[in-house]
Amino acid sequence: MSTPLLAPAKLHGLQLPNRLAVAPMTRVSASPEGHANGTMARYYERFARGGFGLVITEGIYTDTAYAQGYARQPGLSDGEQARAWRPVVKAIQGAGGRAVAQLMHAGALSQFNRFRDHTAGPSAVRPLGTQMTAYRGEGEYPVPRAMTDADIAEAIRGFARAALLAMEVAGFDGVEIHGANGYLLDQFLTGHTNTRTDRWGGALAQRVLLTVEVVRAVRQMLGASAPVGVRISQGKVNDFGHKWPEAEAGAATVFGALAHSGIDYLHVTEFEAWRPAFGHAGPSLLQLARRHAPGIAIVANGSLHDPGRAEAALADGADFVALGRGALSNPDWPRRLKEGRALAAFDPALLSPVGDIKPAEQHP
């Protein structure tokens, strides 16, 4: 089948066989100490063998302070954890894919942290919603401690150090900074979770500053050669329908700031990527990202498992399309597309009762 989705592409020097990526998905299958393992290697390898050119990992915690969000979440907070990723990365690369480590700080949404008995975020505001049972959470989120300047500096250093470990020890091909879905960087970006009056709070142009500072620290640590991306969303795991109250002007502020921060790509995610970003009409968030970050590669994510929807995302300005549920149900989605084979429907049982990797997901 001839489709632009299967055309070769480059991402900041990375030669990729197509424009299809595996989206980051939390699978809580590492060891209790946060070490990647054989289960994860077999799981991730399947996607590369199935033809995905780019495999983005689940969110990996970055430090031994407040970053960890879930029990059995993998980490990149020290050399031992980084070395545990090597077989996973080699499995992806050996099957023809390229591996990107998504670096994540949970902040106030942490449901489990073996290093701390309390959470921290931009302000002492209890997060909306309840903890996710699929990731072994229960009940309300606790009220976080408001982060001090020292805490914030530690978080920035954690992202930069984890990025270096990812590239130089684990052997990843690039890193993605998780600025979406309600986690720490998104908490600073969001007005009702960031009520600070210092340089990290206030107007949206100030609230995006932490994400920009993290990008700069990572870029300084890695130099110019490594691909660095940022994932951005409006919705959050605990506040699914959230929209930026600043609407299109806010999108211009966020995407403009990130476009000048030193990143190589933006990973834009919505539940349905083609929908208007605000209200019942107007451009999608993907289209706004393309408008306000014209020189940056864009990865689009959000219910794009239908090939027609995925192709339309490219027409709307995406350079790559990342699949989540579509990849879980079809780890060989690119090959099925190429060969004209039918796609399997998503099976919710894969993520229940706990969202860990199931035995069936470890076979070729």
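- Partners of Arg72 by side-chain hydrogen bond (donor to acceptor under 3.5 Å, both in side chains), not counting sequence neighbours: none found.
- Here the shortest heavy-atom pairing between Val299 and Ala322 reads CG1-CB, 3.7 Å.
- Counting heavy atoms from C-beta outward, Arg309 and Ser303 have side chains that stay 4.5 Å or more apart.
- Residue pairs satisfying the salt bridge (Lys or Arg N to Asp or Glu O under 4.0 Å) criterion with at least one member in residues 235-248, sequence neighbours excluded, are listed as follows: Asp186-Lys236, Arg207-Glu246, Lys243-Glu270, Glu248-Arg291.
- If you chain together hydrophobic residues whose side chains sit under 4.5 Å apart, Ile56 and Leu351 never meet in one group.
- Between Met25 and Leu328 the shortest side-chain heavy-atom distance falls below 4.5 Å.
- Residues near Leu128 contribute nothing to a hydrophobic cluster around it, because no ILVMFWY side-chain heavy atom sits closer than 4.5 Å to its side chain.
- The list of ring-ring contact (aromatic ring centres under 6.0 Å, His included) pairs with a residue in residues 300-358, not counting sequence neighbours, is empty.
- Annotation: side chain of Asn301 is in contact with side chain of Arg231 (closest heavy-atom distance under 4.5 Å).
- Hydrophobic clustering keeps Leu323 apart from Leu11 (ILVMFWY residues linked when any side-chain heavy atoms are closer than 4.5 Å, directly or through intermediates).
- The shortest side-chain heavy-atom distance between Met40 and Ile357 falls under the 4.5 Å cut-off.
- Clustering of Ile, Leu, Val, Met, Phe, Trp and Tyr side chains at separations under 4.5 Å places Phe115 together with Tyr61.
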* Asked: So Ile177 and Val215, side-chain contact (heavy atoms from CB on, under 4.5 Å) or not? Walk me through it.
  -> CA-CA 8 Å; Ile177 296 162; Val215 171; 3.8 Å; yes
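- The side-chain heavy atoms of Trp200 and Glu213, taken from C-beta on, include a pair separated by under 4.5 Å.
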* Go through the steps for Leu16 and Lys10 under the test side-chain contact (heavy atoms from CB on, under 4.5 Å), then give the verdict. => CA-CA 6 Å; Leu16 301 169; Lys10 280 188 177 181; over 6 Å; no
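- Pairs passing the ring-ring contact (aromatic ring centres under 6.0 Å, His included) check and including a residue from residues 19-45, sequence neighbours excluded, read Tyr43-Phe47.
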* Asked: After noting the C-alpha distance and the side-chain angles of Glu33 and Arg114, does the key distance pass the side-chain contact (heavy atoms from CB on, under 4.5 Å) rule?
  -> CA-CA 9 Å; Glu33 297 77 28; Arg114 67 192 180 98; 4.2 Å; yes
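- Residues Arg336 and Ala342 share a closest heavy-atom pair of NH1-O, 2.7 Å.
- Partners of Asp117 by side-chain hydrogen bond (donor to acceptor under 3.5 Å, both in side chains), not counting sequence neighbours: none found.
- Using a 4.0 Å cut-off between charged side-chain N and carboxylate O, Arg83 and Glu80 make no salt bridge.
- Looking only at side-chain heavy atoms (C-beta outward), Arg116 and Thr119 stay at 4.5 Å or farther from each other.
- Only one option out of Val230, Ile232, Thr211 pairs with Leu185 in a side chain to side chain contact (heavy atoms under 4.5 Å, CB included); it is Thr211.
- Listed here is the closest heavy atom pair of Tyr141 and Leu109: CE2-O, 3.5 Å.
- Applying the salt bridge (Lys or Arg N to Asp or Glu O under 4.0 Å) definition to pairs two or more places apart or across chains, those involving residues 151-177 are Arg145-Asp151.
- Considering every non-hydrogen atom in both Asp63 and Gly158, the closest pair reads CB-CA, 4.3 Å.
- Formation of a donor-acceptor pair under 3.5 Å by the Arg275 side chain with backbone atoms of Ser284 is not found in this model.
- Residues satisfying the side-chain hydrogen bond (donor to acceptor under 3.5 Å, both in side chains) test with Thr130, not counting sequence neighbours, are none.
- Linking ILVMFWY side-chain heavy atoms closer than 4.5 Å, directly or via other members, places Leu54 and Leu286 in two distinct hydrophobic clusters.
- By the criterion of side-chain heavy atoms lying less than 4.5 angstrom apart, applied directly or through intervening Ile, Leu, Val, Met, Phe, Trp or Tyr residues, Val88 is grouped together with Ile60 in one hydrophobic cluster.
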* **Criterion side-chain contact (heavy atoms from CB on, under 4.5 Å) on Val28 and Val354, from CA distance to verdict** => CA-CA 9 Å; Val28 292; Val354 174; 4.2 Å; yes
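- For the salt bridge (Lys or Arg N to Asp or Glu O under 4.0 Å) condition, the pairs that include at least one residue of residues 352-364, sequence neighbours left out, are Arg27-Glu361, Asp356-Lys358.
- Taking 4.5 Å as the limit, every side-chain heavy atom of Phe255 sits out of range of all side-chain heavy atoms of His260.
- Around atom CD of Glu138, no more than 12 heavy atoms belonging to other residues, nucleotides or ligands sit under 6.0 Å away.
- In the hydrophobic clustering of ILVMFWY residues, with side-chain heavy atoms under 4.5 Å counting as a link, Leu210 and Leu204 come out together.
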* To do: List the steps and the verdict of salt bridge (charged side-chain N to carboxylate O under 4.0 Å, His left out) for Asp332 and Lys338.
  => CA-CA 10 Å; Asp332 57 348; Lys338 183 177 182 179; over 6 Å; no
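- Comment: Glu45 engages Arg49 in a salt bridge, judged by a side-chain N to carboxylate O separation of less than 4.0 angstrom.
- In this structure, Ser261 contributes its side chain and Val212 its backbone to no donor-acceptor pair below 3.5 Å.
- The stretch residues 68-111 participates, sequence neighbours left out, in these ring-ring contact (aromatic ring centres under 6.0 Å, His included) pairs: Tyr70-Tyr135, Trp85-Phe172.
- Under the ring-ring contact (aromatic ring centres under 6.0 Å, His included) criterion, the residue pairs touching residues 210-243 are His192-His242, Phe240-Phe271, with sequence neighbours excluded.
- Residue Ala99 comes nearest to Val89 through the heavy atom pair CB-CG1, 4.3 Å, listed as atom of the first residue, atom of the second, then distance.
- In this structure, the separation between CG on Leu76 and OG1 on Thr62 is 9.0 Å, given to the nearest 0.5 Å.
- Inter-residue side-chain proximity for Pro142 and Gln131 is flagged as met; some heavy-atom pair is nearer than 4.5 Å.
- When all heavy atoms of Ala277 and Leu288 are compared, the closest pair comes out as CB-CD1, 4.0 Å.
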